[in-house]
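Below is one structure, written out as structure tokens; comments come after it.
Computed from a predicted model, the values in this text were never measured in an experiment. For the numbers below, each heavy atom of this structure counts, side chains included, while hydrogens, waters and symmetry mates do not. FYI, the numbering just counts along the sequence from 1.
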Amino acid sequence: MTNQQSTIVMEEVTDPEELAKARAQDERFDRNSEWLQAHIPEVYSRYRGKCVVIAGQEVFAADTPDEAWALAAAAHPDDDGCFIRYIPREKVARIYAH
């Protein structure tokens, strides 16, 4: 095993135009996330084993991430607040630990 180090660079953004763009993207993400939360039972029961992208407060499901992204991008090309999830095939208990 080789010892590789990564470099992390943090920058403070102060440009008002860039900050406004970031806030708008965050708002789009929040709207999409809230939509998914409101539709979790429907989405998870209908799209088991699929990749789903939430964009424009809609679900775009496909067998692969690339296909799901393409469907979402075709319908909502300007939604940079979209995100992807894989819905497991079977509903099983999951344990989350810290």
Side-chain angles (χ1 to χ4, degrees):
M1 186 170 180
T2 61
N3 185 12
Q4 296 180 353
Q5 292 186 352
S6 297
T7 302
I8 297 174
V9 177
M10 295 183 73
E11 297 178 6
E12 182 177 6
V13 177
T14 57
D15 177 30
E17 188 174 308
E18 288 299 315
L19 292 172
K21 282 189 211 175
R23 279 190 209 95
Q25 181 180 12
D26 285 347
E27 289 170 5
R28 287 186 288 277
F29 174 85
D30 289 344
R31 282 194 299 273
N32 286 324
S33 181
E34 289 166 5
W35 183 91
L36 177 60
Q37 292 305 312
H39 295 84
I40 284 271
E42 168 191 337
V43 171
Y44 273 63
S45 65
R46 184 170 179 190
Y47 299 107
R48 292 240 170 246
K50 301 286 185 185
C51 296
V52 298
V53 171
I54 308 301
Q57 296 91 60
E58 291 183 72
V59 63
F60 299 89
D63 291 326
T64 69
D66 288 341
E67 291 171 329
W69 281 122
L71 292 170
H76 299 284
D78 297 327
D79 189 347
D80 60 355
C82 56
F83 59 90
I84 192 166
R85 294 283 182 272
Y86 173 74
I87 311 300
R89 287 191 188 280
E90 298 191 21
K91 185 176 181 178
V92 296
R94 303 208 186 282
I95 298 173
Y96 297 93
H98 178 51

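Qualifying side chain to side chain donor-acceptor pair (under 3.5 Å) partners for D80, counting only residues two or more places apart in sequence or in other chains: R28. Annotation: salt bridge (Lys or Arg N to Asp or Glu O under 4.0 Å) contacts of R85 (sequence neighbours excluded): none. Legend: residues meeting salt bridge (Lys or Arg N to Asp or Glu O under 4.0 Å) with E90, ordered by chain and number and at least two apart, are absent.
A61 and K50 get closest at one heavy-atom pair: CB-CB, 4.4 Å.
With D63 contributing its side chain and C51 its backbone, the two residues share no donor-acceptor pair below 3.5 Å.
Atom CG of D79 and atom CZ of R31 lie 8.0 Å apart (nearest 0.5 Å). With values rounded to the nearest 0.5 angstrom, F60 atom CZ is found 9.5 Å from Y47 atom OH. Between the CG atom in D66 and the CD1 atom in I84 there is a gap of 8.0 Å [rounded to 0.5 Å].
Sorted by first and then second residue, the salt bridge (Lys or Arg N to Asp or Glu O under 4.0 Å) pairs with a member in residues 33-49 form an empty list; sequence neighbours excluded. Residue pairs satisfying the ring pair (Phe, Tyr, Trp, His ring centres under 6.0 Å) criterion with at least one member in residues 11-31, sequence neighbours excluded, are listed as follows: F29-F83.
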Contacts table for residues 69-78: side-chain donor-acceptor under 3.5 angstrom, sequence neighbours left out:
{"residue": "H76", "atom": "NE2", "partner": "E58", "partner atom": "OE2", "Å": "2.6"}

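Both I87 and V59 belong to a common hydrophobic cluster when Ile, Leu, Val, Met, Phe, Trp and Tyr are linked at side-chain heavy-atom distances under 4.5 angstrom.
In E18, the CD atom is crowded: over 12 heavy atoms of neighbouring residues, nucleotides or ligands sit closer than 6.0 Å.
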